[in-house]
**Q** 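Could you have a look at this structure, given as structure tokens, before my questions?
We're numbering straight along the sequence, starting at 1.
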Amino acid sequence: MVRGVLLITIDCLRADHVSAYGYDRPTTPTIDALAERGILWEQAHSASSWTKPSVTSMLTGLYPSEHRAFEGIKRSKGRDVLTTDVLQSDQPTLAEVFARNGWRCGAFINNAQLGEFTRLDRGFSSYAPMAGKADRLIGIFLEWLEADLETPFFGYLHLLEAHWPYKPRRRHVAMFGGDRDTNHFRDFSARDYGRLRREISEGKAELTDEQLVHMIQLYDGAVRRLDGKLKIILAMLTEFGLRDETAIIVTADHGEEFLDHGKIGHGQSLYNELTHVPLIASIPGYTSGVRRSGPVSHVDLAATALGIAGIRGGLRGRDVCSQSDSDHPVFGELRVGKRYTQTMRTARWKL
């Protein structure tokens, strides 16, 4: 019996930098272990290539052109007011469906793009969009969880440490042949990365081969550091007596580009490095070590989470745990200003 569903999103984690997906660096031993005792989808794709539209799709089962939450944070001229497109009131969320069925729902997030103004907080009894870095965020989540260990729960965790500026520990960089203290990007701030991203996109700057190696070493080190935080969560679930009754789903909201198509960062295109994400589920009572090769989308996550909990209906999408591989097409969408891009993937083709 499943008494808890925990959905963990690692911001910016591209699938091909996860060891379980064939990466030649041991970046994700904890995630790999979850895959060994669960299900791994080899061709999972996000609905967009940056956080807000992607996560909104994850929590509603709708593609961006359906939920219409395309835009990032903006401030009105002369006023410190956030203006942005938001989820409409007639579009139900995953947490609302769980709550209607008696489940306790909490979201613990480190991403300014997912504040209450998005209306993604609907259905969550606790919604913390600025819960802080991983240690603090996990601590807040565990306090919330421990306060009521009897009611079935749905938890959403969104961890940001794999997002630039990458700030791993020295030992994590050293694991992948680097030296954090002499790394070209050691002192880069988020603003520095943003400026470099724009200059590369505009053809005003380039990265040397060595600089690209340095950037990827920091990224991989940040991923390895964050993977260790997941181990803490699993240990505490065991301590609370919930590990064997909790389904754990690990994914990413999107990937990250390292000059794969001439740019860095994310949110500028829909190439594989930006939409191919890990999707792994460890579920009590399910067969272990399953790998599925058919394409699946983040719009399937909500229906899948409800299916795991034994809740039928309520949201769009497929329960991909209960279905075998199929060549069901999946889509991705991106709108930047007046430019709209769409991609479609099947098991064999990409458009």
Side-chain angles (χ1 to χ4, degrees), residues 7-14 46-76 79-88 91 93-95 106-124 126-134 136-137 140-141 155-167 189-195 197-198 222 226 251-257 263-270 274-275 277 298-299 301-302 332-337 339-341:
L7 173 56
I8 301 173
T9 298
I10 299 176
D11 210 299
C12 297
L13 179 57
R14 51 189 281 174
S46 57
S48 192
S49 61
W50 70 283
T51 298
K52 184 182 166 186
S54 175
V55 172
T56 304
S57 290
M58 291 165 59
L59 297 181
T60 62
L62 301 172
Y63 281 107
S65 57
E66 296 173 308
H67 61 60
R68 307 295 296 174
F70 278 109
E71 296 181 1
I73 293 174
K74 296 182 180 180
R75 297 188 183 276
S76 300
R79 294 182 295 164
D80 189 26
V81 177
L82 293 172
T83 59
T84 183
D85 49 11
V86 299
L87 187 67
Q88 300 304 301
Q91 297 171 326
T93 69
L94 177 57
F108 307 90
I109 296 166
N110 184 14
N111 194 306
Q113 296 288 352
L114 300 176
E116 291 95 336
F117 59 86
T118 62
R119 299 179 188 164
L120 286 172
D121 60 329
R122 299 202 317 256
F124 289 105
S126 180
Y127 190 84
M130 298 299 290
K133 294 181 180 180
R136 181 173 182 271
L137 185 153
I140 295 171
F141 161 65
Y156 178 69
L157 306 186
H158 191 109
L159 304 169
L160 194 66
E161 276 80 353
H163 191 290
W164 48 263
Y166 318 115
K167 299 294 182 182
S189 66
R191 182 170 294 181
D192 293 330
Y193 269 101
R195 183 183 302 112
R197 176 179 178 269
R198 288 193 301 273
L226 200 50
T251 190
D253 52 350
H254 53 77
E256 189 83 331
E257 183 177 351
K263 298 181 181 181
I264 62 172
H266 51 271
Q268 64 266 6
S269 70
L270 292 170
L274 294 175
T275 67
V277 293
H298 268 169
V299 300
L301 259 181
E333 297 178 288
L334 178 66
R335 194 181 76 193
V336 180
R339 180 171 61 87
Y340 171 81
T341 309

**Q** About how many Å separate CE of M58 and OG1 of T93, when rounded to the nearest 0.5 Å?
**A**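 Result: 13.0 Å between the selected atoms.
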
**Q** If the condition is side chain to side chain contact (heavy atoms under 4.5 Å, CB included), which residues does I140 pass it with, not counting sequence neighbours?
**A**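 For I140, the residues satisfying side chain to side chain contact (heavy atoms under 4.5 Å, CB included) (neighbours in sequence not counted) are F108, A131, R136.
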
**Q** What are the two closest heavy atoms between T118 and K52, and how far apart are they?
**A**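 Closest heavy-atom pair between T118 and K52: CG2-CE, 4.3 Å.
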
**Q** Which pair of non-hydrogen atoms, one from T56 and one from L120, has the smallest distance, and what is that distance?
**A**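 Answer, listing the atom of T56 first, then L120: OG1-CD1, 3.7 Å.
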
**Q** What salt bridge (charged side-chain N to carboxylate O under 4.0 Å, His left out) pairs are there with at least one residue in residues 106-124, not counting sequence neighbours?
**A**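 Applying salt bridge (charged side-chain N to carboxylate O under 4.0 Å, His left out) to every pair that reaches into residues 106-124, excluding sequence neighbours, yields E96-R122.
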
**Q** Run the ring pair (Phe, Tyr, Trp, His ring centres under 6.0 Å) test against Y127 and tell me which residues pass, sequence neighbours left out.
**A**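 For Y127 the ring pair (Phe, Tyr, Trp, His ring centres under 6.0 Å) partners, ignoring immediate neighbours, are F124.
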
**Q** Of all heavy-atom pairs between W50 and F70, which one has the smallest distance, and what is that distance?
**A**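 Smallest heavy-atom distance, with atoms named: CZ2-O, 2.8 Å.
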
**Q** Using only atom types and a distance under 3.5 Å, with no angle test, would you say the side chain of N110 pairs donor to acceptor with the backbone of G132?
**A**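 Confirmed, N110 side chain pairs with G132 backbone.
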
**Q** Determine the minimum heavy-atom distance between A47 and V299, stating which atoms define it.
**A**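 Smallest heavy-atom distance, with atoms named: CB-CG1, 4.5 Å.
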
**Q** Do Q268 and S49 have side-chain heavy atoms sitting under 4.5 Å apart?
**A**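 No; the side chains remain at least 4.5 Å from each other.
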
**Q** Kindly say whether S46 contributes a backbone atom to a donor-acceptor pair with the side chain of T275 at under 3.5 angstrom?
**A**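 No, because the side chain of T275 does not come within donor-acceptor range (under 3.5 Å) of the backbone of S46.
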
**Q** CE/M130 to CG/L160 distance, rounded to the nearest 0.5 angstrom?
**A**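 Rounded to the nearest 0.5 Å, the CE-CG separation comes out at 9.0 Å.
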
**Q** If the condition is ring pair (Phe, Tyr, Trp, His ring centres under 6.0 Å), which residues does H298 pass it with, not counting sequence neighbours?
**A**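 Not a single residue meets the ring pair (Phe, Tyr, Trp, His ring centres under 6.0 Å) criterion with H298.
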
**Q** Do T251 and L301 come close enough that some side-chain heavy atom pair is under 4.5 Å?
**A**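 Of all side-chain heavy-atom pairs linking L301 with T251, at least one is under 4.5 Å.
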
**Q** I need the D192 CG to W164 CH2 distance, nearest 0.5 Å.
**A**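 Between atom CG of D192 and atom CH2 of W164 there are 10.0 Å.
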
**Q** Rounded at 0.5 Å granularity, tell me how far CD1 in I8 sits from CG in L159.
**A**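 The CD1 atom of I8 sits 7.0 Å away from the CG atom of L159.
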
**Q** First locate atom OG of S126, then atom CZ of F141, and finally report the distance between them rounded to the nearest 0.5 Å.
**A**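 CZ of F141 is found 10.5 Å from OG of S126.
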
**Q** Is the shortest distance from a Lys or Arg side-chain nitrogen in E71 or R335 to a carboxylate oxygen in the other one below 4.0 Å?
**A**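 Looking at E71 and R335, the cut-off is met.
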
**Q** Using the side-chain hydrogen bond (donor to acceptor under 3.5 Å, both in side chains) criterion, which residues pair with E161? Sequence neighbours excluded.
**A**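 side-chain hydrogen bond (donor to acceptor under 3.5 Å, both in side chains) check on E161 returns nothing, list empty.
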
**Q** Evaluate side chain to side chain contact (heavy atoms under 4.5 Å, CB included) for L87 paired with T60, printing each intermediate quantity in order.
**A** CA-CA 9 Å; L87 187 67; T60 62; 3.9 Å; yes

**Q** Give, for atom OG of S48 and atom CG of L274, the distance between the pair rounded to the nearest 0.5 Å.
**A**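 S48 OG to L274 CG: 9.5 Å, rounded to 0.5 Å.
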
**Q** Got a sec, which residues hit side-chain hydrogen bond (donor to acceptor under 3.5 Å, both in side chains) with E333, two or more places apart in sequence or on another chain?
**A**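 Result, side-chain hydrogen bond (donor to acceptor under 3.5 Å, both in side chains) vs E333: S65, Y340.
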
**Q** Any donor-acceptor pair under 3.5 Å linking the side-chain atoms of E66 with those of Q91?
**A**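 Their side chains do not contain a donor-acceptor pair, so the 3.5 Å distance test is not met.
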
**Q** With R191, which residues qualify under side-chain hydrogen bond (donor to acceptor under 3.5 Å, both in side chains), at least two apart?
**A**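 With sequence neighbours excluded, R191 shows a side-chain hydrogen bond (donor to acceptor under 3.5 Å, both in side chains) to no residue whatsoever.
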
**Q** Can you see which heavy atom on V86 is nearest to which on F117, and at what distance?
**A**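 In this case the closest contact between V86 and F117 is CG1-O, 2.8 Å.
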
**Q** Please enumerate all residues that pass side-chain hydrogen bond (donor to acceptor under 3.5 Å, both in side chains) together with S57, with sequence neighbours excluded.
**A**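 Applying side-chain hydrogen bond (donor to acceptor under 3.5 Å, both in side chains) to S57 gives H67.
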
**Q** Tell me, do L226 and I10 make a side-chain contact under 4.5 Å, heavy atoms counted?
**A**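 Touching, per the 4.5 Å side-chain cut-off.
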
**Q** Does any part of the side chain of E256, heavy atoms only, come nearer than 4.5 Å to the side chain of Y166, both counted from C-beta?
**A**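 A side-chain contact exists here, since the closest heavy-atom pair is under 4.5 Å.
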
**Q** Using the test side chain to side chain contact (heavy atoms under 4.5 Å, CB included), find all partners of T51 that sit at least two apart in sequence or belong to another chain.
**A**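 T51: side chain to side chain contact (heavy atoms under 4.5 Å, CB included) contacts with D11, V55, N111, L114, H158, D253, H254.
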
